[in-house]
Amino acid sequence: MLAIVYFLVDAVFMTVARPFANRIAAHRIFGSLRIRIVSLRPYPTLALFAVPLIVLEPVKPVAAYLAGTGHIAMGMTVLVVGEVLKLVLLERLFSVSREKLISIPAFAWTYGRYSQAKEWLESFEAWQSARRWRRLARYAVRGYVQEVRASQRLERVSFQPR
């Protein structure tokens with residue numbers, strides 16, 4: 001049960017992290033870094049892939065400790081920032097070096113099991129319902145932002161005579 005909750009937290013944060021990862025990937029600073037990562041062989045790429053996991057995975061217990069000792073806001077902040085940062089880094093590294101990582105048999109096996117678990121989770125009606133609600137919320141927020149921008153443009157236009 002604990003493992004299911006653990007993977008659910010990662011799945012939820014991944015929906016938040018993916019847009020940030022795409023935005024970060026667009027920066028030209030990361031172009032040269034991408035070239036260096038692509039030039040690595042499979043096992044050094046795996047070692048690089050493990051760094052964010054090793055460094056940022058302890059964020060969850062630290063956040064739980066902070067929340068448990070009464071620092072709920074700080075615990076939530078640590079959890080959100082740490083998880084989003086970890087998932088953004090992992091998503092970017094994986095998208096750049098997927099083929100090399102999949103060429104490692106143990107990684108390919110683990111990734112296959114992860115993909116099966118993800119498909120199983122996404123097959124639940126609750127997951128699909130949550131995705132529909134998220135999509136509706138995104139459209140509502142997008143519509144509201146467009147209305148606000150349109151009203152701000154109208155306010156800037158002055159119809160006063162000279």
Side-chain angles (χ1 to χ4, degrees), residues 3-38 45 48-49 51-53 55-68 70-102 111-112 114-162:
I4 291 172
V5 171
Y6 179 84
F7 286 117
L8 279 174
V9 168
D10 274 356
V12 168
F13 277 105
M14 194 57 201
T15 60
V16 174
R18 185 162 282 130
F20 290 121
N22 292 338
R23 198 171 287 161
I24 287 172
H27 290 283
R28 60 188 146 119
I29 295 171
F30 296 102
S32 61
L33 186 59
R34 183 181 196 280
I35 292 169
R36 288 185 180 173
I37 292 170
V38 168
T45 302
L48 181 63
F49 189 76
V51 169
L53 283 172
V55 172
L56 294 171
E57 196 58 38
V59 164
K60 288 178 187 169
V62 169
Y65 172 77
L66 288 171
H71 304 285
I72 295 172
M74 180 62 83
M76 290 302 294
T77 302
V78 167
L79 178 68
V80 169
V81 169
E83 279 297 301
V84 168
L85 183 62
K86 178 185 79 169
L87 292 172
V88 164
L89 289 171
L90 288 176
E91 199 278 330
R92 282 290 96 198
L93 285 171
F94 186 72
S95 68
V96 168
S97 57
R98 182 176 195 264
E99 296 306 316
K100 287 183 186 178
L101 291 170
I102 296 296
Y111 182 69
Y114 167 77
S115 297
Q116 287 176 343
K118 185 178 169 188
E119 288 173 11
W120 175 74
L121 180 66
E122 290 174 352
S123 70
F124 287 117
E125 181 62 34
W127 183 270
Q128 294 169 6
S129 178
R131 288 187 66 163
R132 281 191 296 275
W133 280 102
R134 187 188 90 196
R135 200 173 313 121
L136 288 172
R138 186 174 24 176
Y139 291 143
V141 168
R142 192 177 294 160
Y144 177 74
V145 167
Q146 288 174 349
E147 285 180 24
V148 168
R149 286 181 181 165
S151 69
Q152 287 175 348
R153 278 188 233 122
L154 289 176
E155 288 175 5
R156 284 187 228 152
V157 176
S158 176
F159 293 105
Q160 297 176 2
R162 292 182 185 202

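Residues take their numbers from the sequence shown, with the count starting at 1.
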Trainee: To the closest 0.5 Å, what do you measure between CG (L48) and CD1 (I37)?
Mentor: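 Here the interatomic distance stands at 5.5 Å.
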Trainee: Does any part of the side chain of F49, heavy atoms only, come nearer than 4.5 Å to the side chain of T45, both counted from C-beta?
Mentor: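 No - every pair of side-chain heavy atoms lies 4.5 Å or more apart.
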Trainee: Which atoms form the tightest heavy-atom contact between V78 and V59, and what is the distance?
Mentor: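 The pair with the smallest heavy-atom distance is O-CG1, 3.2 Å.
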Trainee: Any side-chain heavy atom of Y111 sitting closer than 4.5 Å to one from F94?
Mentor: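 Y111 vs F94: side chains touch.
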Trainee: For the residue pair G75 and A63, what are the closest heavy atoms and their distance?
Mentor: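 The pair with the smallest heavy-atom distance is O-CB, 3.2 Å.
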Trainee: Between R92 and R34, is any pair of side-chain heavy atoms under 4.5 Å apart?
Mentor: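 R92 vs R34: side chains apart.
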Trainee: Any idea which heavy atoms bring E122 and Q128 closest together, and the distance?
Mentor: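 Smallest heavy-atom distance, with atoms named: O-NE2, 3.3 Å.
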Trainee: With sequence neighbours left out, which residue pairs that include part of residues 131-140 fulfil the side-chain hydrogen bond (donor to acceptor under 3.5 Å, both in side chains) condition?
Mentor: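 Sorted result for residues 131-140: E125-R132.
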Trainee: Of all residues at least two apart in sequence or in a different chain, which pass the salt bridge (charged side-chain N to carboxylate O under 4.0 Å, His left out) check with E99?
Mentor: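 E99 satisfies salt bridge (charged side-chain N to carboxylate O under 4.0 Å, His left out) with no other residue.
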Trainee: What do you reckon, is CZ of F124 surrounded by more than 12 foreign heavy atoms closer than 6.0 Å?
Mentor: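 For F124, atom CZ is crowded (more than 12 foreign heavy atoms under 6.0 Å).
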Trainee: Do K60 and K86 have side-chain heavy atoms sitting under 4.5 Å apart?
Mentor: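 In contact.
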Trainee: Kindly give the heavy-atom pair with the smallest separation between A67 and I72, and that separation in Å.
Mentor: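 Closest heavy-atom pair between A67 and I72: O-CG1, 3.8 Å.
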Trainee: Can you check whether S97 reaches V38 side chain to side chain, under 4.5 Å on heavy atoms?
Mentor: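 S97 does not reach V38 side chain to side chain.
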Trainee: Contact between L89 and L56 at the side-chain level, heavy atoms closer than 4.5 Å - yes or no?
Mentor: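 Heavy-atom side-chain distance check passes, below 4.5 Å.
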Trainee: With rounding to the nearest 0.5 Å, note down the distance linking CD in E57 to CD in E83.
Mentor: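 The CD atom of E83 is 6.0 Å from CD of E57, to the nearest 0.5 Å.
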